[in-house]
Every structure is written in C-alpha cells, then in structure tokens.
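In what follows, chains are A, B, ... by sequence order, proteins preceding strands, each numbered from 1. Computed from a prediction, not measured in an experiment: that's the story for all the values here.
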There are 2 protein chains.
Amino acid sequence: MRKIPPSTRRSGCPLNASVEMVGDRWSLLIVRDIMLGGASTYAEFLNGHERIATNILADRLRKLMKDGIIRAVPDPTDGRKRLYRLTGRGIDLAPVLTEMVLWAAGHEATGNRALTQQMRDKKKFLTGIRKRWQA
Amino acid sequence: MRKIPPSTRRSGCPLNASVEMVGDRWSLLIVRDIMLGGASTYAEFLNGHERIATNILADRLRKLMKDGIIRAVPDPTDGRKRLYRLTGRGIDLAPVLTEMVLWAAGHEATGNRALTQQMRDKKKFLTGIRKRWQA
DNA sequence: CAGGATCCGTTTCGATACTG
DNA sequence: CAGTATCGAAACGGATCCTG
C-alpha cells in the first residue's frame, strides 16, 4: 500500500454528518427540487419526483428543518400555504449536488445536458444559485 | 417565486443515478476508507468505521463493484486475500467526498482540522488523490 | 383544499451465528 | 479470512383519514 500522510487518516472525518443527509434516498432530492426546480410547497414536492409517499415527505421535511437545511415560512400571498425555503446551510449544499451530478453525468452521458453544461462552470453556477435563493 | 431558467428544471437530472449508487449510509464510507484511509481488504473495512455488519459490507462491496466504482484484485503478496481498489470512476468520486466534508466542516467546526484544511485547496488535494490511486 | 397523521402490508436493514 | 443464513427491527409505500 502506498504511503498516506497521517493527517488524512480517517479519524474524526466529518463525512459522517453529511452521509446522514445523502445517505437517504429522498432528502437530497428534496433539496434539489428546491434548488434547481424552484419547488417550495408540499404539493410541488409530491408531484415532483417519482411519487414520494406523503408520510415520508412529511418526515423528511421535518428532518430537514431540524437539521437547519430548510425552513418553512407562511406564503405571503396565500395564508393556507407554507413555503419551504433553503437556509444558508441548505444553499451551501449546492457544491455537493453539483459534484454528484457531474460525477454521474461524466460517466453516463445521459440526463440533462443543458444542466450539466451549466454546472461545468462551477463558480458561475454556484454564484447563480446563491443569488437566486439568498435570504 | 423567482424565475428559473428552464434548462435547470428537474427533468432527467442525473442526480438520481448518483443517489442510487451512493445514496446509502455505507457506500460512501467504504469509498472514503479506500481513498483517504488506504483500506483495501474486507477485514480493514470491518474494523474501519463504526461496525458495519458483515452481510451489509459484503452486499455493498458487491454493489460498488457492479456499479464500477471499485474492483477486486488478488493480493500479489498473499494469494488468499483480495484487495479492493478504486476504479477510475471511483477516484472521480473524490470531488463529491471533498464537498461533503467541507460542507459538514463548514457548519460544525468539529472533526479533522488537518484534513479539511488540506481539502480547502481543492485542486491540489484532488490531484494528490488521483496520483496516489491511479491504475 | 393544503398539509399532514395513522394504519398496515411489504421491503430492506442489521446483529448475530454460522460456514467453506 | 471472507463471506452466507437467519431472523427481528426499522423503513418504505399506499390508502385513507384528520384538521384548520
């Protein structure tokens, strides 16, 4: 085995925290739907991807809020609705999403060509995301 | 809601593909153990992180091989052993891991300071990873 | 009607024991 | 050492019901 600098050994690697987010089939897809799809209501998430069950959706929204990744605000134009918005921490997930998309795209040549093309200019893409969803 | 360029809408987003391959609690941790920890045998994975069950480990190794992220080669110095190595595709997961670590580190101030410090110079860090694990 | 809770059958996970 | 078998626990999914 090759030599590994000791500082890169596994101890206390903060990956575990993010694996809890990514290590779930739905959480990241919900974040994506907000960040890229502009979804923000319960109904939009439900119709968004391939049929998430209502109880699972409610559960993930709760967990994402508990983790400070999204927050719910009352819709100013329609009191009955709540809008789920990304927090700063949620917006900061953009690079992770980007790299996952680029990874899959780079090896499959399938999927949304325009989106991956945009993402390839990472700096510009991320700046755009931040500007769109800030505060 | 703000205007979203149509090309960024969700249709055919390759995120699904990556979520299917690494969207579970263990797969990415195994990749990490190879990439950062230099682990390469079944036993090393078992002792590596917080106690993965043997059947789960076997299952994830099988799936990671099926997905072309790792491959098993016979240990040249010990015929009984198999060494699990990253494929090119597996090495390409480094940016995803990096962003996940940076995200968690940026919001928790905990964990391996030296590692995240190294990762912050992304280009250099990724080049190092590639050089170490190539072919 | 939007957002969510509850019930229930099915699938997946994971700890332990065991095997080639 | 590198896995498989077993079996209970947890997560999932669908349908339905509840609440403001």
Peer 1: So how far is it from B:Ile91 CD1 to B:Arg85 CZ, rounded to the nearest 0.5 Å?
Peer 2: 8.0 Å
Peer 1: Looking at A:Trp26, I'd like to know whether one of its side-chain N or O atoms comes within less than 4.0 Å of OP1 or OP2 on D:dA11.
Peer 2: no
Peer 1: Output the rounded distance in Å from CD1 (B:Ile56) to P (D:dG8).
Peer 2: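 Atom-to-atom, B:Ile56 to D:dG8, this comes out as 17 Å.
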Peer 1: Can you work out whether A:Thr54 or B:Ala53 has the more 5'-proximal nearest nucleotide on DNA chain C?
Peer 2: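 The residue mapped nearer the 5' terminus is A:Thr54.
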Peer 1: In whole angstrom, give the distance that lies between atom CE of B:Met65 and atom P of D:dA2.
Peer 2: 12 Å
Peer 1: Going by an N to O cut-off under 4.0 Å, is there a salt bridge joining A:Asp24 and A:Arg60?
Peer 2: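 Salt bridge between A:Asp24 and A:Arg60, a charged N being under 4.0 Å from a carboxylate O: yes.
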Peer 1: Check each of A:Leu86, A:Thr87, A:Leu93 against A:Arg89 using the side-chain contact (heavy atoms from CB on, under 4.5 Å) test, and report the only one that passes.
Peer 2: A:Thr87
Peer 1: Take B:Arg62 and A:Lys63, find for each the nucleotide of DNA chain D with the closest heavy atom, and name the residue whose nucleotide sits nearer the 5' end.
Peer 2: B:Arg62
Peer 1: Rounded to whole Å, how long is the line connecting atom CD1 of B:Ile30 with atom P of D:dA2?
Peer 2: 14 Å
Peer 1: Without decimals, in angstroms, what is the distance between A:Leu57 CG and D:dG14 P?
Peer 2: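 Those two atoms, CG and P, are 13 Å apart.
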Peer 1: Nearest whole angstrom, please: distance from the P of C:dA17 to the CG of B:Leu46.
Peer 2: 15 Å
Peer 1: Quick one: label A:Asn55 by what it contacts on the DNA or RNA (base, sugar-phosphate, nothing), any heavy atom closer than 4.0 Å.
Peer 2: base
Peer 1: Starting at CG of B:Leu29 and ending at P of C:dC13, how long is that distance when rounded to a whole Å?
Peer 2: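 From B:Leu29 CG to C:dC13 P: 15 Å.
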Peer 1: Between B:Arg60 and C:dT12, is there a contact of a side-chain N or O with OP1 or OP2 at under 4.0 Å?
Peer 2: no
Peer 1: Quick one: is A:Tyr84 getting a side-chain N or O under 4.0 Å of the C:dG4 phosphate, OP1 or OP2?
Peer 2: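 So the side-chain polar atoms of A:Tyr84 do come within 4.0 Å of the phosphate oxygens OP1 or OP2 of C:dG4, strictly under.
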Peer 1: Would you indicate, yes or no, if C:dG4 has its OP1 or OP2 atom less than 4.0 angstrom from a side-chain nitrogen or oxygen of A:Arg82?
Peer 2: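 A:Arg82 to C:dG4 OP1/OP2: side-chain N or O found under 4.0 Å.
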Peer 1: What distance do A:Trp26 atom CH2 and A:Asp33 atom CG have between them, rounded to the nearest 0.5 Å?
Peer 2: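 So the CH2 of A:Trp26 and the CG of A:Asp33 are separated by 10.0 Å.
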Peer 1: B:Tyr42 OH to C:dG20 P: how many Å, rounded?
Peer 2: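 That distance rounds to 16 Å.
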Peer 1: Distance check needed: D:dA5 P versus B:Asp59 CG, whole Å only.
Peer 2: 13 Å
Peer 1: Before accepting this row, confirm whether a basic side-chain N of the pair B:Lys63/B:Asp67 lies closer than 4.0 Å to the acidic partner's carboxylate O.
Peer 2: no
Peer 1: Below the 4.0 Å mark, does D:dG13 have OP1 or OP2 next to a side-chain nitrogen or oxygen of A:Arg25?
Peer 2: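 Result: yes.
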